[in-house]
Amino acid sequence: VRWADSGVVVSQADAQADRGLRWSQPILLAMGFGDSVGTARVQLRGADAFLPLAGRPEFILPGADGVGYGRFPLDSATRAALLLPISPLTDPVHRAVGWQSLWEEMLDGALPPRAFLDGVLAALPGEREELVALQLAGLLGNTYWRFLSPGERTAMAPAVERVLWGEVERAATPGKKGAFFAAIVST
């Protein structure tokens, strides 16, 4: 996904270039414009689809509805917007997709694990949607144990514990309280 003069271009390529397969599918884009987020759907039929826009968005989250098939790399502006402590995305599905996209960015080496974990720790206290909060708790534990060095884990442990205990204390349901307590025990 990229900006091109007066709109957004969504491109696709087969991971195995010799096959040249293309998928016909609608792709929902969530785009940030100042204090608001708008969405638009593009129909991807060939290698590229173009969405004309009057102005350039500050960020673009492709596949925001979680339905699109494929890997959607993020640009640096989108990564930065999604890592803000207060997400610009008001729709919980968009936030969940955003976090999953950031996770994939980290796995691909485009986002350092520490930056990802810092973003999760900053966002978790403000996340009120239970499923997204539980998603963040899982991503936190995986990142902490699988992608940080022992020294980084030691340095991050007080912040991780503080955030998770805060979530246990704020939890509105027994399920959420139990999930965050389990995250403390496992982290």
[X] side, atom [atom1]; [Y] side, atom [atom2] - distance, nearest 0.5 Å:
X	Y	atom1	atom2	result
Leu74	Phe59	CG	CZ	11.0 Å
Thr187	Trp145	OG1	CH2	7.5 Å
Gln12	Trp23	CD	CH2	6.5 Å
Leu140	Leu164	CG	CG	5.5 Å
Glu169	Phe180	CD	CZ	12.5 Å

Next on the checklist: Tell me whether Trp99 contacts the main-chain N or O of Ser101 through its side chain, where contact means a donor paired with an acceptor under 3.5 Å.
Outcome noted: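 No.
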Within-4.5 Å side-chain heavy-atom neighbours: [X] and [Y]:
X	Y	answer
Pro26	Val67	no
Phe72	Leu61	no
Ser24	Gln43	yes
Phe116	Leu139	yes

State whether [X] and [Y] are salt-bridged, where the test is any N-O pair (Lys NZ or Arg NE/NH1/NH2 against Asp/Glu carboxylate O) under 4.0 Å.
X	Y	answer
Glu129	Arg95	no
Arg71	Glu105	yes
Arg114	Glu152	no

Item to check | Distance-minimising heavy-atom pair for Pro57 and Val8 | outcome: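 It is CG-CG2, 4.5 Å.
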Checklist entry - Can you name the closest pair of heavy atoms from Glu58 and Ala77 and give their distance? => result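 Looks like O-CB, 3.4 Å.
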Next on the checklist: Would a single hydrophobic cluster contain both Leu111 and Val120, if residues Ile, Leu, Val, Met, Phe, Trp and Tyr are joined by side-chain heavy-atom contacts under 4.5 Å?
Outcome noted: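 Same hydrophobic cluster.
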Checklist entry - Does Leu134 share a hydrophobic cluster with Leu102, counting links as ILVMFWY side-chain heavy atoms below 4.5 Å and allowing steps through other members? => result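 The answer is yes; both residues are in one hydrophobic cluster.
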Checklist entry - So, Ser6 and Arg56: side-chain donor and acceptor under 3.5 Å apart, yes or no? => result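 Side chains of Ser6 and Arg56: no pair found under 3.5 Å.
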Item to check | Plane angle bin for Phe181 and Trp165 - parallel if under 30°, tilted between 30 and 60°, otherwise perpendicular | outcome: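 Judged by the thresholds at 30° and 60°, the geometry between Trp165 and Phe181 is perpendicular.
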Checklist entry - Listed by chain and number, what are the side chain to side chain contact (heavy atoms under 4.5 Å, CB included) partners of Leu131, not counting sequence neighbours? => result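 Leu131 satisfies side chain to side chain contact (heavy atoms under 4.5 Å, CB included) with no other residue.
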